[in-house]
Structures are given as C-alpha cells and as structure tokens.
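Got a structure here, written out as structure tokens. Questions coming.
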Protein chains: 2
Amino acid sequence: MVMGVVVAADSHLGRAKNDTAITRPSLMKELAARRVRITTQRRLLVGIIQGSPRHLDAATLLELARKQDPGIDRATVYRTLALLKDRGLIDELDLMHIEGEKHFYEAKTNRDHCHMACFRCGAIVEYASSSFERLKKEMVKQSGFQIRVVRLEAGGFCQRCQKAS
Amino acid sequence: MVMGVVVAADSHLGRAKNDTAITRPSLMKELAARRVRITTQRRLLVGIIQGSPRHLDAATLLELARKQDPGIDRATVYRTLALLKDRGLIDELDLMHIEGEKHFYEAKTNRDHCHMACFRCGAIVEYASSSFERLKKEMVKQSGFQIRVVRLEAGGFCQRCQKAS
DNA sequence: ATATGTGCAAATCTTTTGCAAATTC
DNA sequence: GAATTTGCAAAAGATTTGCACATAT
C-alpha cells in the first residue's frame, strides 16, 4: 500500500468521501486576507462553492445561487469565478470535457489531486499521492518552470463500468 | 540528473526540440491499420498535424489546410479531429486556456508528457519522465480506474519570464 | 465623492448539426 | 447503388463585454 494515497470513487460527478488527508482552507478567510471586498452575492457564491460536495459548473452554481437570491445574474457568477481563479482560491477543471466544453470548479485544497473521469457513467474519481507531489517538484527542478497551477486529468472507465462490459 | 527526462523550452507554443526519447508513430499507418478510409482531405489534415512543430488549434489547422486546398471546410476539420481523437491518434490539450477556450492538438506520442504553459509569454514547455509513468501506474493500481487518456498541464512562468520580472 | 460591483442585453468565440450534393467502395 | 464524406449555413453552448445604475468605502 502506497502512503498518502487518497482514492474514492463516487457516483456521478461526486467527490472523494473518505478524504481525510485533504483539507479546504476557508475561501472567505482567504478573500479577507487578500483584502477583497466581500459583497452579499460573493459571500453567497463562495459559500456554495465551499460547501458543495460536487464539482460545479457555472450554470449549476448560478442555479443554486438563485434559490437564495433570484436576482443574481449570470455575469456576476462568471465575474466572481474569474476573481477567485485569479486569486488562486479555486481550481478550474475540464474533467476531460466529459459533459461538453464547460468548466468545473472546486475550492483549492491544501494538496493537489488528480481527477479521473469515467467516459461511460460520468463518475469522477479523485486521487492524491505523494508521487504526484514528487513529480511536480521534479518538473520544476528539471525545467526551471515556476508552476502556479497544475491539473492532472484522466479519462477512461471506472471499476464498475469495466465490469459492466 | 533524473533519467529519462525530456525537457525543452521553446518559443511561443513551440514543441520540444531535443526530444530524442519521444517518437510519434505515423498517423497514416495507424489510420490504415484501423481500416479508416483515407480521403484526400484527411490525408492533407493528418499530414499537417503530423508535420507540425507546434500545437495546432482547429482554426490554425484549417488555415494551413486551405493553403493547399482552399475549398476545405471548417466542419471537415472538426470532423476529422473528432475521428482522430476517437481512435486515440491525437491528444487534445487545453494548455491551461492560455489563449482562450480553444483546444490544441498533437499527434499521440509513444510516451505521455506534460505541458507547462507560461502565462506571460505563452511558451509551452514539454516534459516527460519516468516519474510520470510511475504515477500513472500507481493511479490505475490504487483506484482500479482504467485510464485511456491522461493530461497533465501546468500554468506558471517559464525561466526567461521569471528573470524578466 | 470615488471606486467598485451588478443587471441586462447583446456580442463573441468555438464547436456542432441538418441536410443536400458529391464522392467512394 | 449503398454507404460514407463533404460544404454550406445555421444553431448551439459557454463565456465575455459595454454601459447605465446601484452599492460600498
């Protein structure tokens, strides 16, 4: 058994459950620390992102936000996402374009992790390991490139779908 | 020095030059092996992709193709890219959306490699190492997920741009 | 008072699709 | 002649933008 591995399969677009090694620092605190103005709508959006057990796309985030503030606009959602991404507080994922070209978002975690997307059922399996951390360090060392964001995604078939065929 | 490392910085959207460990099997042969009909236009498009030293996006590919066949249509380009992707002959990259939402393509190599995109100058640094191969194996082993495609991308600043600031 | 955030509607950018004509087997 | 590929034009989907108004410091 490899140390530090965090794997968890979940249903459709789910997120790791037994994920004890990964923590998600408070977005609100991070925003405050960066002296970003926290408006009512931003608080709402950030709360939804932080609390969501799933990877959200902009349309879903808007929909969820509208349940609490029907007046909130799509543009505000996109502008807030851009802000959070710019400050490095959320990660933008493509999830191998398993659902078209839209992006998915998740609060930045203390530790980078990979996403594996099942082409058949859409399940997302998350995975973190020290090997990933080592690889990143190696990349930086060997290339001299200064890494700000990393994204490791894979597409294929989850365990369940492999059996089902 | 780590073994098997292939690193090369290049100018804007360039590709590794001293890339001896990485080979690109002939797309034409692969197509033939899969009994895919090879039309004039497909041959043209595939030739451009295979021969290009850069990561191409659909619009650029269309533009290059039109120099030789002005009649070729955008839809054909997209349809051919979809075909090649489906057969696993090309890889689709996002390059951290450094130039908008479009995709970039490259002929599949014998060995997976990462792409690091410079947010400042747009340079693409490619990197392959045995650590990446090990990580992939570990992911499969630990998660039971069957990987068909992997993409490891990073965004940040290349060596030159770090110095320039 | 000044800077910043928001809603609205329209625009933009990339990719996909329906259908008739052309091409290939 | 049947099946596949292509061009054309229009549609679709996701994201961005200009501008006037509202809100916060």
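Lettering of chains follows the sequences in order, A, B, ..., and the numbering in each one begins at 1.
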Sub-3.5 Å donor-acceptor pair from the side chain of A/Q159 to the main-chain atoms of B/G144, do we have one?
-> no
With a 4.0 angstrom cut-off to heavy atoms of chain A, pull out the first and last contacting nucleotide of DNA chain D, in 5'-to-3' order.
->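 Contacts span D/dA14 to D/dT25, reading 5' to 3'.
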Below 4.0 angstrom from OP1 or OP2 of C/dT23, is there any side-chain N or O of B/T39?
->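 Answer no for this pair, as no side-chain N or O of B/T39 is under 4.0 Å from OP1 or OP2.
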Given C/dT23, is OP1 or OP2 found less than 4.0 Å from the side-chain N or O atoms of B/Q41?
-> no
Hey, is the main chain of A/L31 close enough, under 3.5 Å, to the side chain of A/R87 for a donor-acceptor pair?
-> no
Run the salt-bridge test on B/E30 and B/R34 with the 4.0 Å N-O cut-off and return the result as yes or no.
->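 A salt bridge links B/E30 with B/R34.
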Nearest-nucleotide wise, let me know which of A/T40 and B/L83 is further upstream toward the 5' end of DNA chain D.
->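 By nearest-heavy-atom nucleotide position, the 5'-most residue is B/L83.
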Got a salt bridge between A/E138 and A/K141, using NZ or NE/NH1/NH2 to carboxylate O under 4.0 Å?
->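 So A/E138 does not pair with A/K141 through a salt bridge.
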Take A/R160 and A/R120 through the test side-chain contact (heavy atoms from CB on, under 4.5 Å) and record every step on the way to the result.
-> CA-CA 10 Å; A/R160 186 138 57 118; A/R120 186 166 172 278; over 6 Å; no
Verify same cluster id: B/F104, B/Y78 (apolar side-chain graph, 4.5 Å) |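 No; B/Y78 is not reachable from B/F104 via cluster members.
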Considering heavy-atom distances to DNA chain C, does B/E92 or B/I38 have its closest nucleotide positioned more toward the 5' end?
->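 The answer here is B/E92.
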Gap between atoms CZ and P, on B/R43 and C/dT23 respectively (whole Å) | 16 Å
Send over the distance from B/H103 NE2 to C/dT14 C1', rounded to a whole Å.
-> 9 Å
Shortest non-hydrogen separation from A/C158 to A/C118 and the atoms involved =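 A/C158 and A/C118 have their closest heavy atoms at N-SG, 3.4 Å.
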Name every residue in residues 66-81 of chain B that has at least one heavy atom under 4.0 Å from any atom of DNA chain D, in order of residue number, or write none if there are no such residues.
-> B/G71, B/I72, B/D73, B/A75, B/T76, B/R79
Rounded distance (Å) that lies between atom P of C/dT4 and atom CG of A/D86 =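 Answer to the nearest Å: 14 Å.
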Mutual orientation of the aromatic rings belonging to A/H103 and B/H97 [parallel < 30°, tilted 30-60°, perpendicular > 60°] =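 The arrangement is tilted - the two ring planes meet at 30° to 60°.
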Could you state the CZ-C1' distance from B/R42 to C/dT24, rounded to the nearest angstrom?
->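 That distance rounds to 11 Å.
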Starting at CZ of B/R66, measure out to CG of B/L44 and round the result to the nearest 0.5 Å.
->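 Output value for this atom pair is 12.0 Å.
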Would you classify B/A58 as touching base, sugar-phosphate or nothing, given that sugar-phosphate means primed atoms plus P, OP1 and OP2, and contacts are heavy atoms under 4.0 Å?
->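 Contact class for B/A58: sugar-phosphate only.
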